[in-house]
Undergrad: 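Got a structure here, written out as structure tokens. Questions coming.
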Amino acid sequence: MSYEAWIILIGSMAGITCGITGCFLILRKLSMLADAISHTVLLGIVLAFLISQSMNGIYMLIGAAVVGLLTVVFVQLLHSSGVQEDASIGVVFTFLFAIGVILITLYAGDVHLDVDHALMGEIAFVPWDTVQIGFLPELPKAFLMLSAVLLIVLVIIFLFYKELKITSFDPAMAAAIGIPVLFIHYLLMGMVSLTTVASFDSVGAILVVAMLIAPGASAYLLTDKMSVMLILSGVFGVAAAIIGYYAAMLFNVSISGSMAAVNGILFALVFFFSPTKGYLFKKFALKKVKYGSEQ
Amino acid sequence: MMNPVVVKGLTVAYQEKPVLKDINFEVPEGKLIGIIGPNGAGKSTLIKAILGLIPKAAGQIQIYNKPYRAKDRVVGYVPQRGSVDWDFPTNALDVVLMGRYGHVGWFKRPGKKDEAFALECLRKVGMADFADRQISQLSGGQQQRVFLARALAQEAKVYFMDEPFVGVDAATERAIIDLLNELKEQGKTVLVVHHDLQTVKEYFDHVLLLNVEAIASGPTESTFTMENLHQTYGGKLAFLEKGQMIAEQK
Amino acid sequence: MSDLMNMVLNNANTQWVLLATMLLGIASGVLGSIALLRKQSLIGDAVAHAALPGICIAFMLTGEKSLLALLIGATITGLLAAYCIQFVISNSIIKEDTAICLILSVFFGFGIVLLTKVTQSPAGNKSGLSDFIFGQAASLVGSDVKMMAITAAALIVITALIFKELKVLTFDPEFAKGLGLPAGFLNLVFLSLLVAVIVIGIQAVGVILMAALLITPAVAARYWTDSLGKMIVISGIFGAISGVAGTLISTLGEGLATGPFIVVTATALFLFSMFFAPGRGIVTNAIKRQINHKKINRELTMQKERGEYL
């Protein structure tokens with residue numbers, strides 16, 4: 001496969017994985033928590049590196065998942081001790097991210113891991129960072145990691161679809177019929193952590209937020225069915241990855257930054273032109289109403 | 001006869017002051033029970049504590065002689081309408097279908113039978129024509145009916161409803177009360193948080209008067225008295241006068 | 001340590017930098033408290049991230065690193081981001097958290113795109129624009145640092161002047177309108193103050209962590225008092241300590257970014273407050289709750305013994 005094809009494939013896989021995970025975050029009003037996790041996994045990755053002294057993907061996944069879940073626990077703790085939720089998130093993620101940055105500059109500055117990489121990823125180098133496992137041919141590490149995480153995410157959604165749905169829609173009712181709301185919450189947060197770290201190499205800590213939230217937000221404005229929303233968000237994720245890549249080549253800029261920007265542009269298009277919930281449609285409908293009442 | 005709901009010494013405290021203090025009551029099977037009391041009396045809290053949605057400081061709760069367990073599926077719950085996101089990508093039928101989730105169990109999807117049953121529940125509340133509507137496009141009364149249909153779909157023996165009459169039109173209120181009576185005739189027990197004193201006598205067989213403490217509970221006829229209302233509502237004169245009127249109408 | 005003392009005592013530039021970060025800390029502690037109570041903390045986070053594209057555009061337009069131009073660019077995109085968030089929330093079913101997250105990450109994405117473009121030019125490569133990401137207070141020099149200090153001081157003074165109006169508006173917007181206060185105008189003024197403090201802060205703290213200087217000291221201060229006036233003062237003090245301590249620590253080592261150390265200092269103050277503040281701290285509270293539970297149980301048993309409950 002060509003270099004270009006690998007980048008597009010890996011970007012698209014990150015787009016799908018982030019997009020469908022992000023739908024649940026939007027519906028549960030947990031977007032900011034995802035923003036927090038995407039920052040704090042940096043600490044997880046740095047700690048995993050410092051402890052294991054290797055850049056092995058498995059250690060990083062574990063480190064990131066642990067710190068991601070810790071972020072959720074800390075936010076929960078602060079919130080239940082009386083701090084506003086938005087402020088709890090702000091305090092926790094800035095602190096953990098700051099520690100991560102300090103550790104990188106102090107101990108890991110000379111290795112593959114550096115701050116710029118953490119911020120915007122290095123999808124341009126990802127196809128060359130390959131590994132050979134079992135009978136498989138030599139494949140990019142990022143591709144393997146994203147495949148594994150995408151599979152996990154799909155399996156979780158397939159198995160727990162109705163639980164994820166009802167705990168998002170009506171947590172009180174879900175608890176009353178005996179669905180373990182807290183377990184589902186942490187399951188989802190685990191998914192977010194894995195998704196973030198798998199996409200981390202390609203797109204970095206902060207741009208992954210755009211990939212998590214924008215496709216789902218666009219899909220949210222196009223449909224009234226949750227299953228359709230999930231599929232659409234995947235489509236948007238892939239579209240942003242492909243268009244973003246070619247835009248980056250055209251203007252010779254950061255590929256991951258460009259993917260985030262395209263995600264934003266796609267959202268803006270949907271926001272204005274969605275056939276039922278779009279801004280222009282609503283303005284138009286309002287005018288019709290006004291016009292009608294004048295007659 | 002076995003009493004479906006028995007509460008003994010229930011105390012709930014969020015912070016310094018208890019919200020519910022040493023509540024004791026039992027409700028008989030196959031009745032409509034009104035939970036009555038002023039704002040802040042702990043009516044919603046009582047339901048949530050019974051269902052185990054909030055921790056209790058002390059006390060015991062028994063549903064059909066057993067500590068409450070959600071998986072026994074004997075209880076149906078209609079939360080206050082404000083608690084959900086109306087923009088959620090879901091339609092009326094889908095919401096009612098959620099009432100079947102407890103029956104369907106882990107790792108399985110609701111099937112054709114569940115769907116037919118959900119549609120039947122929607123029909124019972126007169127909402128079958130709106131099955132495909134996104135829920136934000138329904139009126140307040142219609143939304144409440146969908147939530148009742150969802151409770152029906154749970155096929156429970158005991159129902160807890162939190163202020164089902166708030167913000168609904170007269171037609172919906174009538175439809176809801178007809179439905180409650182139908183449930184009663186099927187031998188189900190229905191507990192309803194209610195705050196309109198005028199309709200208490202008309203709607204409920206039993207009442208529980210609540211104001212942090214359980215003031216009184218029993219058949220409406222003998223329990224919904226001026227004296228008990230006075231104790232429940234204390235110095236709140238507006239309520240008191242209304243109560244007097246109702247008591248005198250007897 | 002004595003080196004540090006020497007540097008502080010003898011180097012005029014270091015003294016200015018410390019004064020500037022101290023004033024910045026006070027200003028962001030003060031404005032952050034109000035933002036916290038208005039539940040706008042995370043909008044501050046979005047504004048800070050959104051400053052990046054503005055900085056890059058300003059640099060591309062002027063072709064030189066003039067701090068004033070960069071800050072004007074940052075202000076424009078910061079305000080634009082705040083406006084976009086509001087626009088998306090009020091014109092669609094998208095909720096606030098999603099809108100903030102979306103605008104934040106997309107603006108930052110644009111910022112990264114522009115930053116890669118800027119650093120491709122030889123002038124841009126040396127411009128040190130990437131210092132804006134994590135903050136580099138030590139690199140502040142001469143007139144820039146004076147401008148920063150003066151702006152921060154001005155923000156503090158303006159906030160003090162309209163404190164009582166902001167207080168009413170924050171606590172009860174409807175009542176404020178009833179009093180005849182120009183609510184829309186005051187909201188805009190406050191937002192501008194918030195954007196201004198973020199913009200002057202990003203050079204020292206960086207766009208990613210600037211939010212912490214707004215949120216953390218304010219949340220910490222909330223543990224110590226129930227009065228807004230006192231909360232703002234305490235938050236300002238915490239902010240000042242964080243700014244000064246963070247700057248000092250980062251000057252100890254070569255190439256250490258300032259932002260992370262400011263954030264860690266602020267969080268340390270927060271943790272101390274959370275555990276030990278009288279009245280609200282976790283440790284103090286746990287002790288009080290123990291006493292209270294015993295009291296409730298004792299009362300219940302006493303009442304039962306007297307036969308008040310049947």
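Naming convention: chains lettered A, B, ... in sequence-line order (proteins, then strands); numbering from 1 in each chain.
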Undergrad: What are the residues of residues 27-34 of chain A, in order of number, with any heavy atom under 4.5 angstrom from a heavy atom of chain B?
TA: A:L27, A:K29
Undergrad: Working to the nearest 0.5 angstrom, can you tell me the gap between B:Q154 CD and A:M173 CE?
TA: 4.0 Å
Undergrad: Any donor-acceptor pair under 3.5 Å linking the side chain of A:K162 with the backbone of B:R109?
TA: no
Undergrad: More than 12 heavy atoms of other residues, nucleotides or ligands under 6.0 Å from NZ of B:K108: is that the case?
TA: no
Undergrad: When rounded to the nearest 0.5 angstrom, what distance separates CG in B:D94 from CE in A:M226?
TA: 9.0 Å
Undergrad: Check whether any side-chain heavy atom of B:Y101 lies under 4.5 Å from a side-chain heavy atom of A:E163, and answer yes or no.
TA: no
Undergrad: Could you pull out the closest heavy-atom pair between B:G102 and A:I177, with the gap in Å?
TA: N-CD1, 3.7 Å
Undergrad: Roughly how far apart are B:Q137 CD and A:D224 CG, rounded to 0.5 Å?
TA: 6.0 Å
Undergrad: By a 4.5 Å heavy-atom criterion (distance strictly below it), what part of B:Q80 contacts chain A: side chain, backbone, both, or neither?
TA: neither
Undergrad: Looking only at heavy atoms and a cut-off of under 4.5 Å, which of B:Y77, B:F160, B:F147, B:W106 has the most pairs with chain A?
TA: B:W106
Undergrad: Are any of the side-chain heavy atoms of B:I135 and A:F169 separated by less than 4.5 Å?
TA: yes
Undergrad: To the closest 0.5 Å, what do you measure between CD1 (A:I166) and CZ (B:R100)?
TA: 12.5 Å
Undergrad: With only heavy atoms counted, which part of A:S168 is less than 4.5 Å from chain B, the side chain, the backbone, both or neither?
TA: both
Undergrad: So with a 6.0 Å cut-off around NZ of A:K277, is the heavy-atom count from everything else above 12?
TA: yes
Undergrad: Around B:F25, counting heavy atoms of other residues, nucleotides and ligands shown, do more than 12 lie under 6.0 Å from its CZ?
TA: yes
Undergrad: Is B:V84 in contact with chain A via its backbone, its side chain, both, or neither, using a 4.5 Å heavy-atom distance?
TA: both
Undergrad: Quick one: what part of A:F158 sits under 4.5 Å from any heavy atom of chain B, side chain, backbone, both or neither?
TA: both
Undergrad: Give the minimum heavy-atom separation between B:F88 and A:Y220, together with the two atoms involved.
TA: N-OH, 4.4 Å
Undergrad: Select one option (side chain, backbone, both, neither) describing which atoms of B:V95 are under 4.5 Å from chain A's heavy atoms.
TA: side chain
Undergrad: Could you pull out the closest heavy-atom pair between A:A175 and B:L53, with the gap in Å?
TA: CB-CD2, 3.2 Å
